[in-house]
Amino acid sequence: MSRVSVPCHVKGTVALQVGDVRTSQGRPGVLVIDVTFPSVAPFELQEIMFKNYYTAFLTIRVRQHTSTHTPAKWVTCLRDYCLMPDPHSEEGAQEYVSLFKHQMLCDMGKVLELRLILRQPSPLWLSFTVEELQIYKQGPKDLGIWFQVSPTLPASGQYAFALQSPSMTFPKWLSHPVPCEQPAPLLEGLPDPSRVSSEVQQMWALTEMIRASHTSTRIGRFDVDGCYDLNLLSYT
Amino acid sequence: MLQEESDLALIIAQIVQKLKGSNLYAQLERQAWASLQRPEIKLESLKEDIKEFFKISGWEKKLQNAVYSELSVFPLPSHPAAPPEHLKEPLVYMRKAQGSWEKRILKSLNSMCTELSIPLARKRPVGEQKELLNKWNEMGTDEPDLSLFRPVYAPKDFLEVLINLRNPNYENGDSHSFRTHLGLIQVPLKVKDIPELKEFFVELGLTAGQLGIDDSTQVPPELFENEHVRIGQKVLSEQDSAAAQQYIRQGSPTALRAELWALILNISSQPEDILYYEQLKTNVIQHDLLVDSLIYKDVKLTASNDDYYFVFEDYLYQVLLCFSRDTSVLGHFAYNSASPPKSYIRGKLGLEEYAVFYPPNGVIPFHGFSMYVAPLCFLYHEPSKLYQIFREMYVRFFFRLHSISSHPSGIVSLCLLFETLLQTYLPQLFYHLREIGAQPLRISFKWMVRAFSGYLATDQLLLLWDRILGYNSLEILAA
């Protein structure tokens with residue numbers, strides 16, 4: 001289902017460290033990022049998306065809106081989610097990650113604020129954080145197309161990679177033909193007309209599908225109109 | 001749960017999209033239309049009857065093989081927000097390093113072009129075209145003056161770039177601490193250690209029979225060899241790619257190797273493929289590229305001087321010259337961290353509709369490139385099939401050996417794996433070599449970059465390449 005981005009305000013990261021930050025020699029291994037939603041009412045969280053940058057473990061705490069007048073409490077909704085299987089090596093270090101509401105420990109019905117706690121126990125890395133943080137809530141439901149990526153048609157000479165939605169919606173009258181009243185039995189000895197018409201309908205649907213699916217092979221020419229006289233190679 | 005389902009559906013959509021543009025799709029369509037004539041296909045159960053027909057006539061197997069080969073080659077779809085560069089190479093500093101390495105190569109090629117005053121590409125006059133066509137099968141007899149050409153780069157230049165590769169977020173202190181690596185590669189990539197390698201290469205364990213060891217004359221053939229050959233013949237008659245890939249992990253009998261490799265790489269010589277090769281040949285005859293001279297020079301320097309491969313010189317020209325005109329190779333740059341060099345038609349600098357890739361396949365050959373093709377000449381004698389096998393091997397495996405990437409089969413990971421294994425299990429050798437100033441990677445790097453071609457006897461080399469195909473990974477080169 002589709003999702004709608006929620007504008008959020010990401011506060012600066014705060015390092016948690018024992019002792020004085022300025023005088024101690026080690027680097028902090030825990031960072032906290034607060035995310036607030038200043039202009040939005042409490043909403044249902046659908047997805048959190050971000051690009052990792054050398055964070056090993058992620059914990060998320062959420063503060064939700066309560067109907068009574070009790071002050072809202074912080075609840076942990078994701079505990080020690082592993083982003084890098086081996087904190088000392090590069091695996092998963094710069095990956096894009098999506099976290100969905102079904103992965104959370106508690107219900108994310110009325111989110112007021114989020115707190116991301118990042119941990120990186122390895123001393124090898126100079127810094128770590130998460131980037132391009134985006135929060136999504138559920139958008140209006142729509143039917144038919146389950147995946148929305150704009151298709152890019154490959155032109156000759158380019159190596160673009162195309163994605164296309166595979167579902168095809170047939171016109172409504174094809175799926176639900178209007179029932180017609182039974183004709184008078186003048187056609188004895190001939191095959192049943194409703195059966196023949198359903199078979200013809202199937203054949204028509206097949207031909208339509210085959211005709212509609214176009215191939216995406218490139219033409220394969222490397223020159224432009226027969227000419228391949230080049231300048232020097234460009235560096236951009 | 002939701003995530004896995006949508007991932008699977010996305011993979012299926014991707015594969016369907018790729019297969020729709022292929023020959024197999026057109027053939028299946030034709031077969032489906034033709035099958036409508038058959039009496040057992042009835043209109044009410046059209047779909048199921050055609051599916052049944054495909055199963056019986058072997059077309060379903062072909063489709064299965066095609067899907068399996070797509071799954072092996074293409075990386076899994078990544079996160080929807082990831083840009084295409086991320087699919088090529090997720091780590092930003094490696095992308096940058098690859099970009100600057102490519103710039104160096106381009107500068108070198110451009111300076112060669114201006115110094116020697118030879119155009120990058122030139123249309124051949126008709127007389128020259130006829131002459132080339134006549135001596136297509138004996139281009140080795142040609143002795144053009146190549147003394148002014150030099151290879152664009154050699155593996156040792158590439159090694160220097162890899163040694164200087166650094167992660168800006170990594171603690172690279174000047175003082176030697178537990179953080180600096182003792183070998184040459186200083187990038188903390190994840191490589192498999194021995195327990196993981198043992199699990200990955202389980203069919204190469206001491207208890208399983210291997211061709212190349214257990215078929216020598218001292219060992220009676222009933223123990224392993226006969227049975228293995230029999231299974232091989234069965235696999236070939238079933239025409240199943242996945243089974244062939246599993247089978248070949250223990251080595252392939254010499255007689256069956258050519259067909260097994262073709263089955264695993266999903267290559268079948270259709271008339272369209274032969275036609276495609278002929279089209280490439282016409283392209284070679286029509287245009288003369290600077291890259292051609294580099295190929296000539298490389299073949300003369302490496303393969304022609306090799307005791308095993310000098311007889312195949314003509315084949316090498318036929319394959320490599322056509323390879324550099326093949327635009328379908330550009331497809332592999334979607335998952336290769338490298339990018340093809342670009343240029344513009346003369347006089348139309350900056351206009352996108354006159355932008356072309358140079359060379360047409362985007363791959364600039366380096367010193368030793370022709371050695372990737374040479375061992376294949378022992379297996380295939382028909383130029384178009386040899387060409388297809390080489391192209392498939394290149395876009396699946398060999399491109400990783402000369403581009404900077406964090407992939408587990410990439411050359412950086414292979415180097416790190418080699419160094420780590422040597423340090424852990426032969427520490428005295430490692431220490432001694434370091435002390436005498438010969439870092440072991442400097443010696444073994446050229447072996448790995450060429451996939452041992454030219455350094456191992458051919459029968460051993462082909463057994464090694466059997467394992468590369470079987471495990472769909474180049475890690476065996478380092479291990």
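Being a predicted model, the structure only gives us computed values, none of them experimental. Numbers restart at 1 for each chain; the letters A, B, ... are given by sequence-line order, proteins then strands.
- For chain A, the nearby part of B/Val187 is the side chain; its heavy atoms alone come within less than 4.5 Å.
- B/Pro90 touches chain A through backbone and side chain together, each having a heavy atom under 4.5 Å away.
- When the side chain to side chain donor-acceptor pair (under 3.5 Å) test is applied to B/Arg95, no partner is found at least two apart in sequence or on another chain.
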Distance-only criterion, 3.5 Å: show the donor-acceptor pairs between side-chain atoms of residues 124-133 of chain A and protein atoms not counting sequence neighbours.
residue	atom	partner	partner atom	Å
A/Trp125	NE1	A/Pro87	O	2.8
A/Ser127	OG	B/Asn169	OD1	3.3

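- With a 4.5 Å cut-off on non-hydrogen atoms, B/Pro359 touches chain A through its backbone but not through its side chain.
- To the nearest 0.5 angstrom, B/Leu91 atom CG is 5.5 Å from A/Tyr54 atom OH.
- Contacts with chain A were tallied for B/Val92, B/Leu120, B/Leu189, B/Asn110; B/Asn110 has the most, counting heavy-atom pairs under 4.5 Å.
- With a 4.5 Å cut-off on side-chain heavy atoms, A/His88 and B/Lys190 do not count as touching.
- Using a 4.5 Å cut-off between heavy atoms, B/Leu109 touches chain A through its side chain atoms alone.
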